[in-house]
Amino acid sequence: LNFSKIKDLSLKWISVIAFLCGLFLSWDVVGFGDDAFKNCGEIVYIFRAFVLLGICFLIVLFSSIYVCGFRKRNKIWKRGSGAIILEYGDIFKLLDDESFQHIVAIPVNDTFDTIVDEDPTLVRAPLVSKETNHGKWIEFMKSRSFSVEEIDTKIKESLNKLDDVETEEISEEIKDRGNRIKYPIGTTAFVSVGNNVYCILVALSVFNRNNKAESNPRKLIKSICNLLEYYDEHGQGYDLYMPIMGAGMSRTNLDKQEAFEIMKTTVLANKWNIHGKVHIVIYEKEKADLSIFS
């Protein structure tokens with residue numbers, strides 16, 4: 001996955017070392033000149049070739065270790081105070097980090113539900129799965145001593161500030177649990193979760209009658225565009241961290257690589273409206289599947 005970056009870095013260092021050796025060294029200086037091998041025939045050329053190959057191999061090896069093991073960020077665009085950064089990390093560690101001001105994006109469903117069903121066998125149609133970023137965020141908020149009612153109130157207070165948003169009320173016959181006010185895809189709610197830490201919840205998926213999430217690539221693009229527009233207006237220049245959205249249980253029919261490519265392309269297409277640092281965060285354990293250098 002990181003072959004291109006490793007190749008570029010290796011060629012850079014090979015060129016630098018070759019240039020420096022050409023300026024300051026010769027084979028005689030390091031003991032590999034013709035005089036050292038005057039009785040060895042062609043073995044001198046073979047030895048030199050192996051030395052050069054060995055140096056190149058070590059450069060490629062160290063470049064691979066550096067890129068795959070130590071590089072965790074790749075800045076793909078910058079202008080003024082705006083930047084787009086791809087990185088490995090964990091957004092829930094960021095939610096717990098109050099050492100600097102930042103915003104974390106969380107994809108949710110279009111009714112902004114706050115009920116996480118621990119045991120799906122106890123209800124007819126489970127709501128938010130604890131395995132999604134949506135569910136993990138609710139559990140994080142509960143670990144911060146927020147009740148479900150308090151989380152609901154925070155979200156509704158933010159949604160009530162939105163202008164010209166067309167909502168739809170779902171009947172109790174269709175949805176007998178959870179929130180029944182449906183918002184358009186891409187709707188955002190701004191919530192404080194602690195000192196210096198904020199979240200932008202963005203509606204990405206729709207729940208059907210069985211509370212099964214449904215979405216598609218077009219909705220993903222719209223959600224990202226609306227998220228970036230909201231961030232531009234309300235972000236105050238704080239760093240924005242976005243997890244990979246649209247893969248998994250949001251059911252856009254995209255794998256993680258496809259979702260990542262759409263996110264990256266969409267953010268780059270909106271770069272002129274970015275006046276802070278936007279980070280697309282790949283979960284650390286997915287380094288083998290997604291490359292920040294691709």
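Quick note: residue numbers are just sequence positions, from 1. None of these values were measured; they are calculated from a predicted model.
- Thr187 places a side-chain heavy atom less than 4.5 Å from the side chain of Leu159.
- Ala259 and Gly246 make their closest contact through CB-C, 4.2 Å (heavy atoms, listed as atom of the first residue, atom of the second, distance).
- At least one donor-acceptor pair closer than 3.5 Å links the side chain of Ser223 to the backbone N or O of Ala203.
- Residue pairs meeting the ring-ring contact (aromatic ring centres under 6.0 Å, His included) criterion with at least one partner in residues 136-192, sequence neighbours excluded, are Phe112-Tyr183, Phe190-Tyr198, Phe190-Tyr230.
- For Ser158 (side chain) and Ile155 (main-chain N/O), no donor-acceptor pair under 3.5 Å exists by modelled atom type.
- Listed here is the closest heavy atom pair of Val197 and Asp97: CG2-O, 3.3 Å.
- Side-chain contact between Val128 and Ile115 is absent, with no heavy-atom pair separated by less than 4.5 Å.
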Quiz: residues 160-174 side-chain donor-acceptor pairs under 3.5 angstrom, not counting sequence neighbours:
{"residue": "Asn160", "atom": "ND2", "partner": "Lys156", "partner atom": "O", "Å": "3.1"}
{"residue": "Ser171", "atom": "OG", "partner": "Ile174", "partner atom": "N", "Å": "3.4"}

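- Lys175 and Thr111 share a donor-acceptor pair across their side chains, judged by distance under 3.5 Å alone.
- Proximity of a side-chain donor or acceptor of His134 to a complementary backbone N or O of Asp113 within less than 3.5 Å is detected.
- Remark: the Asn109 side chain and the Ser205 side chain contain no N/O donor-acceptor pair separated by less than 3.5 Å.
- Counting only heavy atoms from C-beta outward, the side chains of Lys136 and Lys130 never approach each other to under 4.5 Å.
- Using a 4.5 Å heavy-atom cutoff, the side chains of Leu240 and Lys277 are not in contact.
- Nearest approach of Ile185 to Leu204, heavy atoms of both residues: CD1-O, 3.4 Å.
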Salt bridge (charged side-chain N to carboxylate O under 4.0 Å, His left out) between Lys154 and Glu157, worked out: CA-CA 5 Å; Lys154 278 178 169 284; Glu157 285 176 350; over 6 Å; no

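- Looking at Asn270, its side chain never comes within 3.5 Å of a backbone N or O of Asn273 through a donor-acceptor pair.
- Annotation: side chain of Ile282 is in contact with side chain of Ile292 (closest heavy-atom distance under 4.5 Å).
- Under the 4.5 Å side-chain criterion, counting only non-hydrogen atoms from C-beta, Asn133 is in contact with Pro243.
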From CA spacing to verdict: salt bridge (charged side-chain N to carboxylate O under 4.0 Å, His left out), Lys256, Glu286: CA-CA 9 Å; Lys256 288 178 182 176; Glu286 295 174 349; 2.5 Å; yes

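- Side-chain atoms of Lys219 and Val206, non-hydrogen and from C-beta on, do get closer than 4.5 Å to each other.
- Taking both residues in full, the closest heavy atoms of Cys225 and Thr266 are given as SG-CG2, 3.7 Å, listed atom of the first, atom of the second, then distance.
- Lys78 contributes a side-chain N or O that, together with a main-chain N or O of Gly80, makes up a donor-acceptor pair within less than 3.5 Å.
- Under the 4.0 Å criterion applied to side-chain N and carboxylate O atoms, Arg144 and Glu98 are assigned as salt-bridge partners.
- Every ring pair (Phe, Tyr, Trp, His ring centres under 6.0 Å) that His279 has, sequence neighbours left out, goes to Tyr241.
- Heavy-atom neighbours of Arg218 CZ from other residues, nucleotides or ligands within 6.0 Å: at or below the threshold of 12.
- A salt bridge links Lys264 with Glu261: the distance from a Lys NZ or Arg NE/NH1/NH2 to an Asp or Glu carboxylate oxygen falls below 4.0 Å.
- Side chain of His102 to backbone of Phe100: a donor-acceptor contact under 3.5 angstrom is found.
- Considering only heavy atoms from C-beta on, Ile200 stays 4.5 Å or farther from Ile106 through its side chain.
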